[in-house]
A.B. asks: 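Got a structure for you, questions after.
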Number of protein chains: 2
Amino acid sequence: MIDPRLQVLRVVAARGTVTAAAHDLSYTPSAVSHQLRGLARDLGVTLLEPDGRGVRLTAAARVLLERADELYARWEEIHAEVAEADPEAAGAVRLCGFSTAAAALLPSVAARVRAAHPRSTVRIIEADPTECFELLLAEQADLAVVVAVPGLPSTTDPRFEQESVLDDPLDLLVPTDHPLATRSSVLLREAADESWILDRPGSPFHQLTQTACATAGFSPFVAHEAAEWETGAALVDAGLGVGLVPRLARLPGGYRITRVPLRGDPTPARHIRSSIRRGSRRQPALATALTALAEAARRSSAPGRTDWQI
Amino acid sequence: MIDPRLQVLRVVAARGTVTAAAHDLSYTPSAVSHQLRGLARDLGVTLLEPDGRGVRLTAAARVLLERADELYARWEEIHAEVAEADPEAAGAVRLCGFSTAAAALLPSVAARVRAAHPRSTVRIIEADPTECFELLLAEQADLAVVVAVPGLPSTTDPRFEQESVLDDPLDLLVPTDHPLATRSSVLLREAADESWILDRPGSPFHQLTQTACATAGFSPFVAHEAAEWETGAALVDAGLGVGLVPRLARLPGGYRITRVPLRGDPTPARHIRSSIRRGSRRQPALATALTALAEAARRSSAPGRTDWQI
DNA sequence: GTTGACCGTGCAATACTTCTGCATGATTGA
DNA sequence: TCAATCATGCAGAAGTATTGCACGGTCAAC
C-alpha cells in the first residue's frame, strides 16, 4: 500500500550496500539501484551518495526512513479500522513462529481464530525468529511468535508492537540412568562438567544454551551437534552427553531419557514474545489471535502440568 | 507513494459508477473494476457491492476513504521534511491557476522561487479551478491559485490546505462614450438594464458575473458571449454591451473602453485563494512560493495603483 | 605500484504486471 | 418487451520492472 521502494531503501540502510540488500530481497543489485534512483527522482532529493566502493545514505534518506515507520503504523491502523467496518471481512491471518511455537502454541491459536471468524483463512509458517520479522515487514505474515535472541529488533522498534507471551523454562535432558535423573530439580552448573549436545552453531537455541551456561558460570564442552530435538534425544539416550530442552518442546517417546527441571535465579528459560506490525492490533482476526495466544501460553505454563515428561 | 488505487476508489465514490470514474481517469471501466477488485483482495474486505446496475461503496470502503486523507497528509509532511533535510533538493514546484492568475500572479512567484532555490525547477500550468484540484490530487501540481466558485472542495476539505490570497474587485467595462464612463465608481445595479457581454456559460467567470448580478438584485440580459477578455473588450468597444472584468485582468490596448470601479456592500469581487495538498506546506520551495504569492497579491491590490485602466 | 576483489551503475533483452477491446449477464426505464 | 446502461470476465496488447552483463571506480594486500 505504501510504496515498496521504501522497504528497499530500508534494507539498503540496514545492510550498508546495494549488493547485500539486493541479495536479501532476492533482487539483482541493478534492480535495487534502479528502484532507488526512481524513488529519489520522484522525491526530488538525493538519497544515496557514493562512499568508497559502497553507498552512504544522505540525511534526507535517514529522515525518510525514520518517518516512514510512522506512516506504516498509520496504514496498519487504517487497515484494521477498515476490517472492523466490514463484518464479512475475510481477515486472513498468517502466523509465523519458530518450530516449537509452531507446534505447541500456534495450532490452538489457529483453531480459535477459525472458530471466531468462520470466513477467515489462517496460515501457519514455520520460520526462524529473524526470518519472522522479515515476513512481518514484507506483509507475508501478520503475527510472529519468536524467541528472544540477540540481534532481533528491539522491543521499542517503532515498526513493531511486541509483548511478552511466556517464559519457557529449560529442562536438563539426561539419560534415565544418569545420577541427576532422579532429582526433582537441578542447578545448571551441576552439569558443568558433562559432555554437551547442542543445536547447530548459529541457530537460536545454540545461542540460548550458550548464554544460559555462561550465566551459570561455565562454558559447555560441546561433544555433538544436533539440529532436531529427536536427534538430540537419541544422542542423550545413547549416553553421549546431556542437553537442554525447553519445556514446550515435545520429545518423541521410546527413548530412555529424563527431563530434570532447572532451578536458579533467574530460572534458566527462554523468553517467548509476540510481534505484530505496529498499528495492526485492531485487526479483528488478529486481535482474536493475540488473545488466543495469551491463553495458549497460560495453559502451557500452568503449574501442575504433568505431560511434559514425554 | 500511497497506493494509487485509493485514488481510483475515491473517484468511483465521487462519481457513483465505475464507468463514469473510468472516464474521468482516462481508463476503461474494465481496468477500474479490476483495480478495485485487486485492492479489495489485498485488504481482505469487500469494497463495492452491486446496487442496481451500478455499484455502492460498502461501509469499509467509506472508512477507508475517510482515513486515507490523513495518510496522504502525513505523507506530504514527510515529503516536506525529507526535502528540508536535503539542502540540494531539486524542489520542483508546479504552479497551476486560472488564466488571470497565471498571467498576473504566477510569473513573479515563479521568479521568486527560482531566485531562492537555484536548483529548483518551476512550472506553470494554466487550468480551470476544478481542473486545478484534480492536478493537485494527481500530484501533477503542487500549488493551485483558484477563484472561489461553487462546486470546489470546501475550505475544510481534509485533503487540502487553502488560504485566502486576494479579493480581486470587479470593474464595469463600458465604451468610453458611455454615460457611466466618467463616473469614478458605480453600483452594479446601475447597469441592470444594459446589454451584457458574458463569458461562455459554464465557465467560472460566467458564473461569477451571474452571481454578482443576482446579489445586486437583477438578472443580466446576455446579448453576447465572449471567451477571451480581448473579445469582450472588442465587443464593448463596438457598443454591443457592457461587461465585468476583474481588476487583475489586463485588457489589450487600442480599444475605446473604460473601466469603472464598482462599489457596493460587499464590493463586487472575486475571491482568489490558494490551495496545496495538506501537509505539503513545509516543502521549502513551496513555502517560498506561498510567501511570494502573498506578496504578489499584496502588490496587486495595493491602493494607488494606476495601471489598471489599460 | 600493481593486481585482484568488490561495488554501483548503465544498457539491451526479457519477464511480468496492467490495460484495452469485446462479449456476457444483469438491471432499469420506456 | 425492448433498448439502454452498467459491471465484469477473458484474451491479447501495451507498458513497466527485472535480469544479465559490461564498465568504471575504490580498496586492500602483496
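Just so it is clear, the structure is predicted and the values come from calculations on it, not from any experiment. Lettering of chains follows the sequences in order, A, B, ..., and the numbering in each one begins at 1.
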A.B. asks: Where the side chain of Val18(A) is defined as all heavy atoms beyond and including C-beta, which of dC19(C), dT18(D), dT9(C) is the nearest nucleotide?
C.D. replies: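 My answer, after comparing the listed nucleotides, is dT9(C).
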A.B. asks: Between dT20(C), dT9(C), dT8(D), spot the one nearest the side chain of Arg37(B), thanks.
C.D. replies: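 Ranking dT20(C), dT9(C), dT8(D) by closest atom to the Arg37(B) side chain puts dT8(D) first.
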A.B. asks: Do Thr19(B) and Thr17(B) meet the criterion of a side-chain donor-acceptor pair at a distance under 3.5 Å?
C.D. replies: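 No - no donor-acceptor pair under 3.5 Å links their side chains.
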A.B. asks: Send over the distance from His34(B) NE2 to dG12(D) P, rounded to a whole Å.
C.D. replies: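 Between P of dG12(D) and NE2 of His34(B): 16 Å.
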A.B. asks: Considering heavy-atom distances to DNA chain D, does Tyr27(A) or Ala20(B) have its closest nucleotide positioned more toward the 5' end?
C.D. replies: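 In this pair, the answer is Ala20(B).
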A.B. asks: Just the rounded figure in Å: distance from P of dA26(C) to CZ of Arg56(B).
C.D. replies: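 Whole-Å distance recorded here is 19 Å.
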A.B. asks: If only atom types and distance count, is the side chain of Arg278(B) paired as donor or acceptor with the main-chain N or O of Glu70(B) below 3.5 Å?
C.D. replies: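 No.
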A.B. asks: Consider only side-chain N and O atoms of His79(A) and Ser280(A), and report whether a donor and an acceptor are under 3.5 Å apart.
C.D. replies: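 Checked: His79(A)/Ser280(A) side chains show no N/O donor-acceptor pair below 3.5 Å.
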A.B. asks: Select one nucleotide: of dC19(C), dT18(D), dT8(D), the one nearest the side-chain heavy atoms of Ala31(B).
C.D. replies: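 Comparing dC19(C), dT18(D), dT8(D) against the side chain of Ala31(B), the answer is dC19(C).
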A.B. asks: Can you figure out which of dC19(C), dT9(C), dT5(D) approaches the side chain of Arg53(B) most closely?
C.D. replies: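 Nearest to the side-chain atoms of Arg53(B), counting from C-beta on, is dT5(D).
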A.B. asks: Which nucleotide, dC6(D), dT20(C), dT9(C), lies nearest any side-chain atom of Thr17(B)?
C.D. replies: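 So the side chain of Thr17(B) is nearest to dC6(D).
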A.B. asks: Roughly, in whole Å, what's the span from CG in Asp51(A) to P in dC6(C)?
C.D. replies: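 So the two atoms are 19 Å apart, to the nearest Å.
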A.B. asks: For Leu36(A) and dG10(C), give me the distance from atom CG to atom C1', rounded to whole Å.
C.D. replies: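 Between C1' of dG10(C) and CG of Leu36(A): 15 Å.
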A.B. asks: Can you tell me how far P of dG9(D) sits from CZ of Arg41(B), to the nearest Å?
C.D. replies: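 Taking CZ of Arg41(B) and P of dG9(D), I get 12 Å after rounding.
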A.B. asks: For dT18(C), does either OP1 or OP2 sit under 4.0 Å from a side-chain N or O belonging to Gln35(B)?
C.D. replies: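 Checking Gln35(B) against dT18(C): no side-chain N or O falls below 4.0 Å of OP1 or OP2.
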A.B. asks: In whole Å, I'd like the distance from the CZ atom of Arg15(A) to the P atom of dC6(C).
C.D. replies: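 Atom CZ in Arg15(A) sits about 15 Å away from atom P in dC6(C).
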A.B. asks: Would you give the length of the straight line joining atom CZ of Arg5(B) to atom CG of Leu64(B), rounded to the nearest 0.5 angstrom?
C.D. replies: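 Separation between the atoms: 10.5 Å.
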A.B. asks: Between C1' on dT18(C) and CG on Asp3(B), what's the gap in Å once rounded to a whole number?
C.D. replies: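 Computing the Asp3(B):CG to dT18(C):C1' distance gives 13 Å.
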A.B. asks: Which of the following nucleotides, dG9(D), dA7(D), dC11(C), is nearest to the side chain of Ser30(A)?
C.D. replies: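 That would be dC11(C).
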A.B. asks: With a non-hydrogen cut-off below 4.0 angstrom, is Thr19(B) in contact with a base, only sugar-phosphate, or nothing?
C.D. replies: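 Sugar-phosphate only.
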A.B. asks: How long is the line joining NE2 of His23(B) and P of dC6(D), in whole Å?
C.D. replies: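 The distance from NE2 of His23(B) to P of dC6(D) comes to 12 Å, rounded to the nearest Å.
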A.B. asks: Would you confirm whether Arg56(A), through its side chain, and Gly16(A), through its main-chain N or O, come within 3.5 Å as a donor-acceptor pair?
C.D. replies: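 Answer holds: no.
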